[in-house]
There are 2 protein chains.
Amino acid sequence: MLKELEGAVLGYIFKVGPCTAYQVRKLLKESPSSRWRGSAGSIYPLLERLERQGLIEANDDPADGRAKRDLAITNNGKKALKAWVKAGATRELVAEISDPVRTRVFFFDALTPNEQARLAKDMLSALEEFLSLSRESLKSRESSGSALNHLGALGAVMSNQARVTYLREVVKALEEKR
Amino acid sequence: MLKELEGAVLGYIFKVGPCTAYQVRKLLKESPSSRWRGSAGSIYPLLERLERQGLIEANDDPADGRAKRDLAITNNGKKALKAWVKAGATRELVAEISDPVRTRVFFFDALTPNEQARLAKDMLSALEEFLSLSRESLKSRESSGSALNHLGALGAVMSNQARVTYLREVVKALEEKR
DNA sequence: TGTGACATGTAATATGTTACATGATTGA
DNA sequence: TCAATCATGTAACATATTACATGTCACA
């Protein structure tokens, strides 16, 4: 079974069609909510792996002097992608969510009440900024783009809305305590 | 600066007081929404690192024939923990959220409409089960436990509620499309 | 002509996983 | 007594990061 990054990379190649490793890296780097940096050291070996397994095919594109390799998903690749997406409906995978903000709140005891209140507000600001970003991304997909792209962006917005609401609760609770 | 797992482990030792590596592993393994498995191969080297840096101290506890080492956070450890928690208010960290369910929805194009509808419903079931779990955890903290423990559990519940609401939207949108 | 984006890749390092290895204690 | 839990740790492997290395192309 594909790992998370492998699935995401293969999925990108499926969605955008034949593209270079460089473009895949760029997508990962520019993705607003990304746990991956799209580093060369991860992407190139990963793509070699996918190619060896016959999940992608590479064609040298002699458009210019640059050593350009266009990557395309194969039929086996589509099968593997399908299997990976379908594996999303398990308790274990659903539980593999991680949110560094919640992790931090969990360890707020380490701070003084004043520090807690200050930090909660700062986190809230950072989160609100991030929410704005995801809202803009949603809006840009509303006009052009498929229904599924819209649903993807909607997920980010709803998640960040919930995080903002949560942090407001935290700020309120900390104020009441004082 | 501490990494995520280092911060979490140090935070656990801070919160529960002197405890063994085994207990830390158990907490990580049993944590409902965990991205880490608490494997021995990650925890023991990590604790060695923290000890070498003077962030924790170990005392051999000759309670019985077992080679038991009680780990306690030091003053420097508390400082490091504080710094790590406070580093949570940046755009970069706030963006480091990851949700395998949303990732999967993003690549739904790879499936047929029927498969999409089926999977969305299955994911919803898995998520609802997971939401129940986090609600129970919240309830158990309501009676006993600090306000901060309550806030931590509340974060999980609110996050999972948002995820469920989102997936219901997805299910609805997919049905309308057909 | 030089800077930034395009394009590929490797090396050293960090950090996590599974599987293995060992032994003591508790309780049915 | 035997299985589960407590308790520590290592070895092999997988996978990601940063930093390095090389070269082309577009455009100001």
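Heavy atoms only: backbone and side chains are in, while hydrogens, waters and symmetry mates are out. Just so it is clear: chains get the letters A, B, ... in the order the sequence lines come, proteins before strands, and each one is counted from 1.
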S.K.: Holding to ring pair (Phe, Tyr, Trp, His ring centres under 6.0 Å), I want the full list of residues that pass it with B:Y12, two or more places apart in sequence or in another chain.
M.R.: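 With sequence neighbours excluded, B:Y12 shows a ring pair (Phe, Tyr, Trp, His ring centres under 6.0 Å) to A:F107, given in chain and number order.
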S.K.: Out of curiosity, B:E4 CD to B:W36 CH2, how far, rounded to the nearest 0.5 Å?
M.R.: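 Here the rounded value is 5.5 Å.
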S.K.: Distances under 3.5 Å only, N/O to N/O: pair up the protein atoms with those of nucleotides 20-27 of chain C.
M.R.:
unit_1 : atom_1 : unit_2 : atom_2 : d
C:dT25 : OP1    : B:G65  : N      : 2.6

S.K.: Could you check which residues of residues 42-57 of chain A get a heavy atom under 4.0 Å from DNA chain C? Sort them by number, please.
M.R.: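 Going residue by residue through residues 42-57 of chain A, the ones with a heavy atom under 4.0 Å of DNA chain C turn out to be A:Y44, A:E48.
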S.K.: With a 4.5 Å cut-off on side-chain heavy atoms, are B:K121 and B:E175 touching?
M.R.: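 B:E175 reaches B:K121 side chain to side chain.
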S.K.: Is there a side-chain contact between A:W84 and A:E6 (heavy atoms, below 4.5 Å)?
M.R.: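 A:W84 vs A:E6: side chains apart.
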S.K.: With a 4.5 Å heavy-atom cut-off, do B:L55 and B:L81 have their side chains touching?
M.R.: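 Contact flag for B:L55/B:L81 side chains = no.
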S.K.: Anything under 3.5 Å between a donor and an acceptor, one on a side chain of residues 148-159 of chain A, the other on a protein residue two or more places apart or in another chain? List them.
M.R.:
unit_1 : atom_1 : unit_2 : atom_2 : d
A:N149 : OD1    : A:K15  : NZ     : 2.9
A:H150 : NE2    : A:E142 : OE2    : 3.4

S.K.: Sorted by first residue and then second, give each salt bridge (Lys or Arg N to Asp or Glu O under 4.0 Å) pair with at least one member in residues 147-174 of chain B; sequence neighbours left out.
M.R.: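 Residue pairs with at least one partner in residues 147-174 of chain B: B:D99-B:R163, B:E128-B:R168.
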S.K.: With heavy-atom distances below 4.5 Å as the criterion, would you say the side chains of A:C19 and A:V16 are in contact?
M.R.: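 Yes, close enough: below the 4.5 Å cut-off.
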S.K.: Using a 4.5 Å cut-off on heavy atoms from C-beta on, say whether the side chain of A:L71 contacts that of A:N59.
M.R.: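 Counting from C-beta outward, A:N59 and A:L71 never come under 4.5 Å.
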S.K.: Side chains of A:S137 and A:S140: donor-acceptor distance under 3.5 Å anywhere?
M.R.: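 No, because no side-chain N or O of A:S137 sits under 3.5 Å from a partner of the opposite role on A:S140.
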S.K.: Looking at DNA chain D, which of residues 1-17 of chain B put a heavy atom within less than 4.0 Å of it?
M.R.: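 None - not one residue of the stretch has a heavy atom sitting under 4.0 Å from the strand.
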S.K.: Check DNA chain D against residues 21-36 of chain B and give the residues with a non-hydrogen atom under 4.0 Å, in numerical order.
M.R.: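 When residues 21-36 of chain B is checked for heavy atoms under 4.0 Å from DNA chain D, the hits, listed by number, are B:A21, B:Y22, B:R25, B:K26.
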S.K.: Report for the helix from C:dT1-D:dA28 to C:dA28-D:dT1: angle between first-end and last-end helix axes, five pairs each, rounded to 10 degrees.
M.R.: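 Roughly 30° between the end axes, to the nearest 10°.
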S.K.: Rounding to a whole Å, what distance do you find between A:D70:CG and C:dC6:P?
M.R.: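 One finds 15 Å between P of C:dC6 and CG of A:D70, rounded.
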S.K.: Would you tabulate the side-chain donor-acceptor contacts of residues 86-94 of chain A under 3.5 Å, counting partners in other chains and residues two or more places apart, or write 'none'?
M.R.:
unit_1 : atom_1 : unit_2 : atom_2 : d
A:K86  : NZ     : B:E115 : OE2    : 2.9
A:T90  : OG1    : A:L93  : N      : 3.2

S.K.: Does CD in B:E57 sit with more than 12 non-hydrogen atoms of other residues, nucleotides or ligands closer than 6.0 Å?
M.R.: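 Not more than 12 within 6.0 Å, no.
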S.K.: What residue pairs, at least two apart or across chains, pass salt bridge (Lys or Arg N to Asp or Glu O under 4.0 Å) with a residue in residues 28-41 of chain A?
M.R.: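 For residues 28-41 of chain A, and leaving out neighbouring residues, the salt bridge (Lys or Arg N to Asp or Glu O under 4.0 Å) pairs sorted by first residue read A:R37-B:E96.
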S.K.: Give the residues of residues 76-105 of chain A touching DNA chain D, defined as any heavy atom closer than 4.0 Å, sorted by residue number.
M.R.: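 None - not one residue of the stretch has a heavy atom sitting under 4.0 Å from the strand.
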S.K.: My understanding is that only residues two or more places apart in sequence, or in another chain, count here; which of them pass side-chain hydrogen bond (donor to acceptor under 3.5 Å, both in side chains) with A:E51?
M.R.: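 For A:E51 the side-chain hydrogen bond (donor to acceptor under 3.5 Å, both in side chains) partners, ignoring immediate neighbours, are A:R69.
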